[in-house]
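Notes follow the structure.
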Amino acid sequence: MKFEKIQAPKGVREYLPPESSAFDWVRTQLIAPAAASGYQLMELPVFEDTNVFTRGVGESTDVVSKEMYTFEDRGGRSITLRPEGTAGVMRAVIENNLDRGQLPVKVWYSGQFFRAERPQAGRYRQFYQVGIEAIGVEDPAIDAEVIAIADRGFKNLGLKNYRLDITSLGDAASRAAHRVDLMKFIGTLDLDEATAARAALNPLRLFDDKRPEMQEAMKAAPLLMDYLSAESSANFTQVLKYLDALKISYVLNPRMVRGLDYYTGTTFEFVHSDLGAQAGIGGGGRYDGLMETLGGQSLSGIGFGLGVDRALLAAVAEKSLPQDQFTSDLLIIPLGDDAMTTALITAQELRASGIKTEIAFGDRSLKGAMKGADKSGTQYVVVFGESELSSGVVNLKRMRDGDTSSVKIAQLKDVLRETLSR
RNA sequence: GUGGGCGUAGCUCAGCUGGUAGAGCACUCGGUUGUGGUCCGAGAUGUCGCGGGUUCGAGCCCCGUCGUUCACCCCA
């Protein structure tokens, strides 16, 4: 009987050994600054009531209108695999009244997200993001801190070839005023059907069109930055001053567009230069109306999401990954069943005292086991055989230079701890 | 969703204008009793992504399909 092989679903990225250790490292380093800044973990469901996203992210967005994994569960509820993190965090904050205590609420998350897009370099149907949210305080300083935390994460990875794009989308009044003039301007352009449809949904999108002729046409378009209310403008100026003080360099990009509808005020994006078309390694911003839209009180918040997959690609491109393959301190080669029993017991004791210990399993020849030991990169090897078991003394062999020394099994722990600490 | 490239051993790939598969690396075993790295020898492994078609004959041609990759779109 021969069964057909089963493949992973289209577009999912799996991290297997040996690359998985690099992935794990990247994810840990990226989000480490959040915990150091007083943010606390939120472990959330990967699926939510579909309304969390249709209302939170916005129906006009591509993410919601054509990229969501939505299905009906057995109770007839509409469920969606989360395509982003912020809306779910808001739902949980509201539902559990986290916003009824001291503000800001500061939380971080890490996990898988799902979008049914055509896979491409750096774009997967299941991808990993880490992110933070700071909810309930409107203070330009917190905007700057949030950005600094993201920047610190990328610096932790040793990344250099990226830039921070920043702009302000202002408050509701600013955007309304700008929109009128922008629509008027777009009306003067001769657009193809698809582009016109996009403009109708969100006129800001046209700023993001990569075609040179569109870039050219949009050069004369009115910029939201010039329509900011006095308050929004002052606020944004203060954010930039803080960033300057923190020595975080940025590029003012008044044409930046984000794909999620909830952004207001300070909005930013980290773009890496070595990644091809999918160059955004992280992004975020302030959201004034999101919480209210999801049925909570009217609090503003700010947060970011960083792409772990892309950050890993960036680190690979910049060769900034550490070479830290796991290698054990000691490998025990047991010969025979009795020796295996002793090996299992000894290994357990050694590991308990912090010595990374492996055992050579299977019925291999000693020579074969030694070859395996060599390839594994282990620092020391001992053989447990008849004579060792009866005498209680083994030859501790240092693989680096083949040097051996006679050690009692009972003293392996002390000898290894001593020699490894040097 | 649209368009282009690719899919041959675990990996990287070769396979001329169609004649029923190969290399290197990796892997396993051995080179006299229980000690690695080099060297030598031996060995195992493929329904040539899948399905259909053309042909006396297809890894090579055609169609479809799945996957992958790159770009558009969008975004992390």
Point to revise | Check: A:Q120 side chain, B:C73 base, donor-acceptor under 3.5 Å | key: yes
Partners passing side-chain contact (heavy atoms from CB on, under 4.5 Å) against [X] (at least two apart in sequence or in another chain):
{"X": "A:D209", "value": "A:T195, A:R198, A:R211, A:M214"}
{"X": "A:K155", "value": "A:D151, A:R152, A:Y162"}
{"X": "A:S387", "value": "none"}
{"X": "A:P222", "value": "A:H178, A:D181, A:L182, A:F185, A:Y227"}

Point to revise | Side-chain touch A:Y15/A:D309, heavy atoms, less than 4.5 angstrom | key: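 They are in contact (side-chain heavy atoms under 4.5 Å apart), so the answer is yes.
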Expected rows: protein N/O vs nucleotides 26-30 of chain B N/O, under 3.5 Å:
from  : atom 1 : to     : atom 2 : distance (Å)
B:C27 : OP1    : A:K375 : NZ     : 3.0
B:U28 : OP1    : A:R364 : NH2    : 3.2
B:G30 : OP2    : A:S365 : OG     : 3.4

Exercise for review: Kindly state each residue pair satisfying ring pair (Phe, Tyr, Trp, His ring centres under 6.0 Å) with at least one member in residues 354-398 of chain A, sequence neighbours excluded.
Suggested key: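 Every candidate ring pair (Phe, Tyr, Trp, His ring centres under 6.0 Å) pair involving residues 354-398 of chain A fails, so no pair, neighbours aside, qualifies.
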Can you pull every protein N or O that's under 3.5 Å from an N or O on nucleotides 1-4 of chain B?
from : atom 1 : to     : atom 2 : distance (Å)
B:U2 : O4     : A:R118 : NH1    : 2.5
B:G3 : O6     : A:R118 : NH2    : 3.3

Practice item. Can you run through RNA chain B from 5' to 3' and write each base as (, ), [, ], | or . depending on how it pairs? Watson-Crick or G-U wobble, both distances under 3.5 Å. Key: (((((((..((((........)))).(((((.......))))).....(((((.......))))))))))))....
Check your understanding: Looking at A:R258, does any N or O in its side chain come under 4.0 Å of the phosphate oxygens OP1/OP2 on B:A76?
Key -> yes
Mind listing the N/O atom pairs, protein and nucleotides 6-12 of chain B, below 3.5 Å?
none

Please list, one pair per line, the donor and acceptor atoms closer than 3.5 Å that link side chains of residues 107-116 of chain A to other protein atoms, with sequence neighbours excluded.
from   : atom 1 : to    : atom 2 : distance (Å)
A:R115 : NE     : A:P83 : O      : 2.8
A:R115 : NH2    : A:P83 : O      : 2.8

Show which side-chain atoms of residues 27-34 of chain A pair as donor or acceptor with protein atoms under 3.5 Å away, not counting sequence neighbours.
from  : atom 1 : to    : atom 2 : distance (Å)
A:T28 : OG1    : A:D24 : O      : 2.8

Study note, to complete from the structure: Applied to residues 264-284 of chain A, the side chain to side chain donor-acceptor pair (under 3.5 Å) test, sequence neighbours excluded, yields A:Q120-A:Q278, A:D143-A:T266, A:N161-A:D274, A:R258-A:E269, A:T264-A:D288, A:H272-A:E318, A:Q278-A:R310
